[in-house]
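This report concerns only the one structure given below.
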Number of protein chains: 2
Amino acid sequence: MTFTQILPLTDISGVSPADACSSPLARTAIAPESADALARSLKALSDPARLRIISIVSAHADQEACVCDLTDQLTLSQPTISHHLKVLVDAGFLTRAKRGTWSYYSLVPGSLGSVAGVLAAV
Amino acid sequence: MTFTQILPLTDISGVSPADACSSPLARTAIAPESADALARSLKALSDPARLRIISIVSAHADQEACVCDLTDQLTLSQPTISHHLKVLVDAGFLTRAKRGTWSYYSLVPGSLGSVAGVLAAV
DNA sequence: ACAATACATCGACCAATGTCAATCTAAGGA
DNA sequence: TCCTTAGATTGACATTGGTCGATGTATTGT
């Protein structure tokens with residue numbers, strides 16, 4: 001078997017060989033597209049006002065809050081709060097339900113936990 | 001007992017009364033300072049390049065990677081990668097160790113999981 | 001001592017983001 | 001019908017953030 005080659009210990013199938021300074025791999029890294037998607041989700045969450053909005057919503061027994069709950073507790077203008085709500089809806093963390101004059105925002109079940117899970121696995 | 005008052009069901013001790021449109025609370029929301037701190041951590045993570053850096057580092061068997069591992073895999077200039085590394089070190093997700101000519105970056109154990117845990121509890 | 005290499009820092013630039021005042025829209029109440 | 005209220009949208013503005021070229025700083029090899 002003169003063609004048999006002993007691979008360096010740092011080689012893992014499908015992973016390109018590393019530089020001299022590099023150490024062995026235990027697994028492959030996250031795919032660029034996955035990193036993009038996760039970054040988009042995290043970006044939607046990485047604002048103090050938006051985190052407080054999510055927290056206020058999920059603090060309600062029915063996981064639903066109206067905008068007045070938010071304007072009461074956040075020291076931000078109404079348009080700014082409305083902007084943050086839009087960001088969270090677009091990112092898939094909240095849903096909007098209009099009933100009469102009021103808008104109610106609900107937490108999308110599992111959306112936060114999903115991001116937390118993916119993050120912990122990065 | 002003419003002084004006894006029946007509190008509305010929406011009242012929870014220490015929580016200010018809600019508007020007419022509001023629903024009952026199950027707990028209190030996150031404190032503003034905690035939201036600030038969590039937002040800072042998440043902001044450090046909410047970039048595709050930085051997520052990939054963390055992933056590449058933790059993909060190594062010893063949870064350590066040199067900068068050349070990163071410049072190989074990320075299509076970004078060396079100063080840009082250096083910038084992202086600084087952000088992650090400042091945020092407490094990575095530590096730097098210089099050995100000879102090379103800089104090695106390691107994952108701070110538990111830092112990612114901690115953020116994920118706090119996030120899931122928001 | 002000198003050249004080369006690895007990486008950090010600096011300065012500049014453009015894009016993205018958070019904020020608010022002003023305005024618009026729709027739903028209720030008089 | 002008209003006024004009021006709740007909340008979304010628009011436009012402008014200042015700030016932050018990602019990127020790179022140029023430069024600085026150690027460290028290694030000759």
Side-chain angles (χ1 to χ4, degrees), chain A residues 18-23 32 35-36 38-54 56-57 64-91 93-106, chain B residues 18-23 32 35-36 38-54 56-57 64-91 93-106:
Chain A
D19 288 61
C21 59
S22 184
S23 57
D36 274 34
L38 179 55
R40 265 193 301 275
S41 291
L42 291 176
K43 199 161 289 200
L45 294 174
S46 58
D47 179 276
R50 292 200 284 271
L51 288 173
R52 291 186 66 192
I53 288 175
I54 287 184
I56 290 170
V57 167
E64 188 182 68
C66 68
V67 177
C68 63
D69 287 320
L70 307 170
T71 48
D72 281 355
Q73 300 185 46
L74 305 177
T75 56
L76 288 170
S77 73
Q78 177 266 318
T80 297
I81 291 176
S82 202
H83 161 71
H84 287 309
L85 286 168
K86 180 171 169 48
V87 171
L88 289 172
V89 169
D90 289 349
F93 293 105
L94 296 182
T95 54
R96 188 171 83 105
K98 186 163 189 180
R99 290 200 297 274
T101 311
W102 298 293
S103 285
Y104 293 86
Y105 286 85
S106 302
Chain B
D19 288 62
C21 59
S22 185
S23 56
D36 273 33
L38 180 55
R40 265 193 300 275
S41 290
L42 291 176
K43 200 160 289 202
L45 295 173
S46 56
D47 180 276
R50 291 199 284 269
L51 288 173
R52 292 185 66 192
I53 287 175
I54 287 183
I56 290 169
V57 167
E64 188 181 70
C66 68
V67 178
C68 63
D69 288 321
L70 307 170
T71 49
D72 281 354
Q73 301 185 44
L74 305 177
T75 56
L76 288 170
S77 73
Q78 177 265 317
T80 299
I81 292 176
S82 202
H83 161 70
H84 287 308
L85 286 168
K86 180 172 169 47
V87 171
L88 289 172
V89 169
D90 288 349
F93 293 105
L94 296 181
T95 53
R96 187 170 84 103
K98 187 163 188 179
R99 290 201 296 274
T101 311
W102 298 292
S103 284
Y104 293 87
Y105 286 85
S106 302

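Computation of the quantities below employed the complete heavy-atom set of this structure, encompassing side-chain atoms and omitting hydrogens, waters and symmetry-equivalent molecules.
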### Task
Taking the side chain as every heavy atom from C-beta outward, state whether A:Leu42 and B:Leu51 have any pair of such atoms under 4.5 Å apart.
yes

### Message
Any side-chain N or O of A:Tyr105 below 4.0 angstrom from OP1/OP2 of D:dA8?
### Response
yes

### Task
Rounded to the nearest angstrom, tell me the gap between atom CG in A:Asp90 and atom C1' in D:dA8.
13 Å

### Query
DNA chain C: stems of at least 3 consecutive Watson-Crick or G-U pairs, cut-off 3.5 Å?
C:1-30 with D:1-30

### Task
Would you confirm whether A:Ser82, through its side chain, and A:Gln78, through its main-chain N or O, come within 3.5 Å as a donor-acceptor pair?
no

### Task
Respond yes when some side-chain nitrogen or oxygen of A:Arg96 is under 4.0 Å from OP1 or OP2 of D:dG7, and no when none is.
no

### Summary
In whole angstroms, the gap separating P of D:dG17 from NZ of B:Lys86 amounts to 13 Å

### Message
With a 3.5 Å distance limit and no angle check, can you tell me whether A:Tyr105 reaches the backbone of A:Ile54 through a side-chain donor-acceptor pair?
### Response
no

### Query
For A:Asp47, does its backbone N or O pair with a side-chain atom of B:Arg40 as donor and acceptor, under 3.5 Å?
no

### Message
What is the separation between atom CD1 on B:Ile81 and atom P on D:dG21, rounded to the nearest whole Å?
### Response
13 Å

### Task
Output yes when B:Arg99 and B:Glu64 qualify as a salt bridge under the 4.0 Å nitrogen-oxygen rule, no when they do not.
yes

### Query
Which whole-number value in Å describes the distance from A:Leu85 CG to D:dA6 P?
16 Å

### Query
Side chains of B:Phe93 and B:Ser41: does their closest heavy-atom pair fall under 4.5 Å?
yes

### Query
Within the structure shown, what part of the strands sits under 4.0 Å from B:Cys21 by heavy-atom distance: base, sugar-phosphate, or nothing?
nothing

### Task
Mark yes or no for whether B:Arg50, through its side chain, and B:Val87, through its backbone, hold a donor-acceptor pair below 3.5 Å.
no

### Task
First locate atom NE2 of A:His84, then atom CG of A:Leu76, and finally report the distance between them rounded to the nearest 0.5 Å.
5.5 Å

### Query
What is the distance, rounded to the nearest whole Å, between atom CG of A:Asp69 and atom C1' of D:dA6?
13 Å

### Separation of D:dG7 C1' from A:Leu70 CG (nearest whole Å)
12 Å

### Task
Starting from P on D:dT5, measure out to CH2 on A:Trp102 and report it in whole angstrom.
13 Å

### Query
Can you give one letter per nucleotide of nucleotides 16-28 of chain C, going 5' to 3': B for a protein heavy atom under 4.0 Å from the base, S for sugar-phosphate only, - for none?
-SSBBBB----SS

### Task
Would you check if A:Ser23 and B:Tyr104 make a side-chain contact, meaning some heavy-atom pair closer than 4.5 Å?
no

